[in-house]
Amino acid sequence: MNGEKMEVGWNHHQHPCGDGIADRVEVHIEVHVKSQSTARRAEVRTHVLALLDRHSLVMGFFKWTEFDDDFLTKNVESVAVVDVEAQPLDLKLSSLCIHIFSLNDDGPSMLNLEEEEELSAANHWLLPAAEFHGIWESLVYEEGIKAQLLDYVSTAIFFSDKNVDSNLVAWNRVVLLHGPPGTGKTSLCKALAQKLSIRLSGRYSYGQFVEINSHSLFSKWFSESGKLVTKMFQKIQELIDEKEALVFVLIDEVESLTAARNASQAGTEPSDAIRVVNSVLTQLDQIKRKSVGLSGRTLRKIPFLAHALYAKTPVMTVERFLSAMDKAVDHQMKEREKLVNCV
């Protein structure tokens with residue numbers, strides 16, 4: 001099996017959506033604004049709300065691409081009700097989270113380390129990117145993997161906003177996807193980053209996506225490996241320090257770091273390879289410094305998993321959260337059984 005690892009960097013802002021009413025179902029509306037539009041976001045939102053008021057009954061996922069409103073026809077590509085089950089839904093009885101975005105048409109660029117040096121082992125996109133548009137909808141997995149990933153990261157951001165002590169409740173900003181080659185792990189990472197950049201467009205001006213190819217690290221950087229890796233992550237840290245940006249770092253083929261370390265220790269790879277690996281891992285620890293105190297102990301994961309998988313709302317009763325924690329315990333037990341059966 002191989003894998004991809006994605007890390008998210010953000011700054012604290014208010015919760016992106018929700019009206020604080022615990023009984024209302026939260027429904028996300030994605031509004032794709034035309035790239036040439038100069039309309040103000042507030043005006044777009046007003047017209048979209050009027051559209052949803054006129055057509056409030058939908059069958060789960062629904063997308064408008066034609067409108068009975070001249071303003072929307074001129075300025076908006078589509079309005080979509082997303083990430084809901086295929087069942088009758090009354091938008092008037094829901095808590096609407098409206099995400100207004102336009103796509104960046106620029107392709108990937110390379111991060112510049114020095115004036116005469118380009119970092120070919122990492123590509124950089126501004127999000128939402130036209131290149132990633134539609135990937136999320138095209139990927140189909142079992143057991144609600146996409147929804148769980150989205151809820152996981154949303155809960156991580158919510159816990160960050162509330163300054164939850166990660167020494168008490170285990171939560172972090174790292175997502176590790178594993179599985180056989182060709183199952184869409186890299187595409188899913190890109191789609192998730194795109195989705196979150198849209199979902200959080202109200203609190204961040206733009207997103208940035210950096211894709212590091214681990215394999216390339218060992219084919220290019222044997223001469224000054226440690227120094228160049230450090231420079232690369234310094235550049236990434238500069239992106240994360242930008243308050244208006246939501247930053248995603250994808251390490252493709254992350255398992256090659258482990259393979260290179262093992263080979264180096266066995267004496268079958270140059271010593272520079274192990275320096276690259278150690279430098280990468282050290283720099284990753286620096287980026288996630290706000291997530292110190294992580295632990296594999298199941299009990300410390302339960303509150304986070306309870307919110308991500310079963311609660312999903314910023315406001316709830318104690319009884320409801322305790323029920324969610326009970327479900328999270330059952331979920332962990334089932335996951336443990338799966339691991340035992342696989343061994």
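Note that the numbering runs from 1 along the sequence shown for the chain. This one's a predicted model, so the numbers in the text were calculated from it and none came from an experiment.
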K.L.:
Within a radius of less than 6.0 Å around CD of Glu85, do more than 12 heavy atoms belonging to other residues, nucleotides or ligands occur?
P.N.:
no

K.L.:
As an exercise, state the distance from CG of Asp326 to NE2 of His331, rounded to the nearest 0.5 Å.
P.N.:
13.5 Å

K.L.:
Any donor and acceptor pair, going by atom type alone, linking the side chain of Lys327 with main-chain N or O of Ala306 inside 3.5 Å?
P.N.:
no

K.L.:
Would Val210 and Asn123 satisfy side-chain contact (heavy atoms from CB on, under 4.5 Å), going step by step from the backbone distance to the final call?
P.N.:
CA-CA 6 Å; Val210 179; Asn123 289 321; over 6 Å; no

K.L.:
Heavy atoms only: give me the nearest Gln194-Pro128 pair and the separation to one decimal.
P.N.:
OE1-CA, 3.2 Å

K.L.:
Quick one, Ile236 with Ile212, criterion side-chain contact (heavy atoms from CB on, under 4.5 Å). Give me CA distance, side-chain angles, the key distance, then yes/no.
P.N.:
CA-CA 11 Å; Ile236 294 173; Ile212 300 171; 3.8 Å; yes

K.L.:
Check Pro303 against Phe159 and note the closest heavy-atom contact, atom names and distance.
P.N.:
O-CZ, 4.0 Å

K.L.:
List the residues meeting side chain to side chain donor-acceptor pair (under 3.5 Å) with Lys190, not counting sequence neighbours, and say none if there are none.
P.N.:
none

K.L.:
How long is the straight-line distance from CD of Glu26 back to OG of Ser154, given to the nearest 0.5 Å?
P.N.:
8.5 Å

K.L.:
Just to verify, what does His133 make a ring-ring contact (aromatic ring centres under 6.0 Å, His included) with, not counting sequence neighbours?
P.N.:
His32

K.L.:
Kindly write out the residues that satisfy side chain to side chain donor-acceptor pair (under 3.5 Å) with Asn104, not counting sequence neighbours, or none if the list is empty.
P.N.:
none

K.L.:
Does a side-chain heavy-atom distance below 4.5 Å link Phe132 with Leu127?
P.N.:
yes

K.L.:
Sequence neighbours excluded, which residues qualify as ring-ring contact (aromatic ring centres under 6.0 Å, His included) partners of Phe62?
P.N.:
Trp64

K.L.:
Do Trp125 and Glu131 get their side chains close enough for a donor-acceptor pair, meaning under 3.5 Å?
P.N.:
yes

K.L.:
What residues, two or more places apart in sequence or in another chain, satisfy salt bridge (Lys or Arg N to Asp or Glu O under 4.0 Å) together with Asp83?
P.N.:
Lys195, Arg199

K.L.:
Where the side chain of Ser37 meets the backbone of Lys34, is there a donor-acceptor pair that is under 3.5 Å apart?
P.N.:
no

K.L.:
Sequence neighbours excluded, which residues qualify as salt bridge (Lys or Arg N to Asp or Glu O under 4.0 Å) partners of Arg40?
P.N.:
none

K.L.:
Name the residue from Val27, Val79, Ile29 that meets the side chain to side chain contact (heavy atoms under 4.5 Å, CB included) definition with Ile98.
P.N.:
Ile29

K.L.:
Just so I know, are the side chains of His28 and His99 near enough to count as touching, which here means a heavy-atom distance under 4.5 Å?
P.N.:
yes

K.L.:
Please find the pair of heavy atoms, one from Leu177 and one from Cys189, that lie closest to each other, and give the distance.
P.N.:
CD1-SG, 3.6 Å

K.L.:
Just wondering, do Arg24 and Ser94 contact through their side chains at under 4.5 Å, heavy atoms?
P.N.:
no

K.L.:
With sequence neighbours excluded, tell me which residues meet side chain to side chain donor-acceptor pair (under 3.5 Å) with Thr155.
P.N.:
His307

K.L.:
Provide the closest heavy-atom pair for Ile135 versus Ser187 in the form atom of the first, atom of the second, distance.
P.N.:
CG2-O, 3.6 Å

K.L.:
Listed by chain and number, what are the ring-ring contact (aromatic ring centres under 6.0 Å, His included) partners of Phe67, not counting sequence neighbours?
P.N.:
none

K.L.:
If two hydrophobic side chains count as joined below 4.5 Å and joins carry through other members, does Phe101 share a cluster with Val31?
P.N.:
no

K.L.:
Got Tyr204 and Glu244 here, is their nearest side-chain heavy-atom distance under 4.5 Å?
P.N.:
no

K.L.:
Nearest 0.5 Å, please: how far is OH in Tyr152 from CG in Leu309?
P.N.:
10.5 Å

K.L.:
Between Val76, Ile198, Val44, which is the residue that forms a side chain to side chain contact (heavy atoms under 4.5 Å, CB included) with Ile100?
P.N.:
Val44

K.L.:
Taking only residues two or more places apart in sequence or in another chain, which ones pass salt bridge (Lys or Arg N to Asp or Glu O under 4.0 Å) with Asp70?
P.N.:
none

K.L.:
If I take atom CG from residue Asp105 and atom CG from residue Leu103, how far apart are they, to the nearest 0.5 angstrom?
P.N.:
7.0 Å

K.L.:
How long is the span from the CG atom in Leu200 to the OG atom in Ser205, to the nearest 0.5 Å?
P.N.:
12.0 Å

K.L.:
Which value, rounded to the nearest 0.5 Å, describes the distance between His55 atom NE2 and Leu91 atom CG?
P.N.:
11.0 Å

K.L.:
If hydrophobic clusters are built by linking Ile, Leu, Val, Met, Phe, Trp and Tyr wherever their side-chain heavy atoms come under 4.5 Å apart, do Leu196 and Val82 end up in the same one?
P.N.:
no

K.L.:
Can you name the nearest heavy-atom pair linking Tyr141 to Lys185, along with the distance?
P.N.:
OH-N, 4.4 Å

K.L.:
Start with the C-alpha gap between Ser160 and Lys162, add the side-chain angles, then the distance that decides, and say whether side-chain contact (heavy atoms from CB on, under 4.5 Å) holds.
P.N.:
CA-CA 5 Å; Ser160 177; Lys162 298 302 180 181; over 6 Å; no

K.L.:
So, using salt bridge (Lys or Arg N to Asp or Glu O under 4.0 Å) as the criterion, who are the partners of Asp68 when residues are at least two apart?
P.N.:
Arg54

K.L.:
Just to verify, what does Asp69 make a side chain to side chain donor-acceptor pair (under 3.5 Å) with, not counting sequence neighbours?
P.N.:
His47

K.L.:
Would you indicate whether Gln87, at its atom CD, is surrounded by more than 12 heavy atoms from other residues, nucleotides or ligands within a distance under 6.0 Å?
P.N.:
yes

K.L.:
Taking the side chain as C-beta and beyond, is there a heavy-atom pair between Met59 and Leu89 under 4.5 Å?
P.N.:
no

K.L.:
Which ILVMFWY residues are connected to Leu126, directly or by a chain of links, through side-chain heavy atoms under 4.5 Å apart?
P.N.:
Tyr206

K.L.:
Is there side-chain contact between Leu239 and His124, with at least one heavy-atom pair below 4.5 Å?
P.N.:
yes

K.L.:
For residues Leu139 and Leu250: do they belong to one hydrophobic cluster (side chain heavy atoms under 4.5 Å, members Ile, Leu, Val, Met, Phe, Trp, Tyr)?
P.N.:
yes

K.L.:
Please check this pair: side chain of Ser201 against backbone of Ser197, looking for a donor-acceptor N/O pair closer than 3.5 Å.
P.N.:
no

K.L.:
State, to 0.1 Å, how close Asn75 and Val33 come at their nearest heavy-atom pair, and which atoms those are.
P.N.:
O-CG1, 3.4 Å

K.L.:
Quick check: is Leu192 connected to Phe61 through a chain of hydrophobic side chains (ILVMFWY, heavy atoms under 4.5 Å apart)?
P.N.:
no

K.L.:
As a quick check of understanding, evaluate side-chain contact (heavy atoms from CB on, under 4.5 Å) for Phe248 and Leu246, giving each step before the final call.
P.N.:
CA-CA 7 Å; Phe248 304 87; Leu246 176 65; 3.4 Å; yes

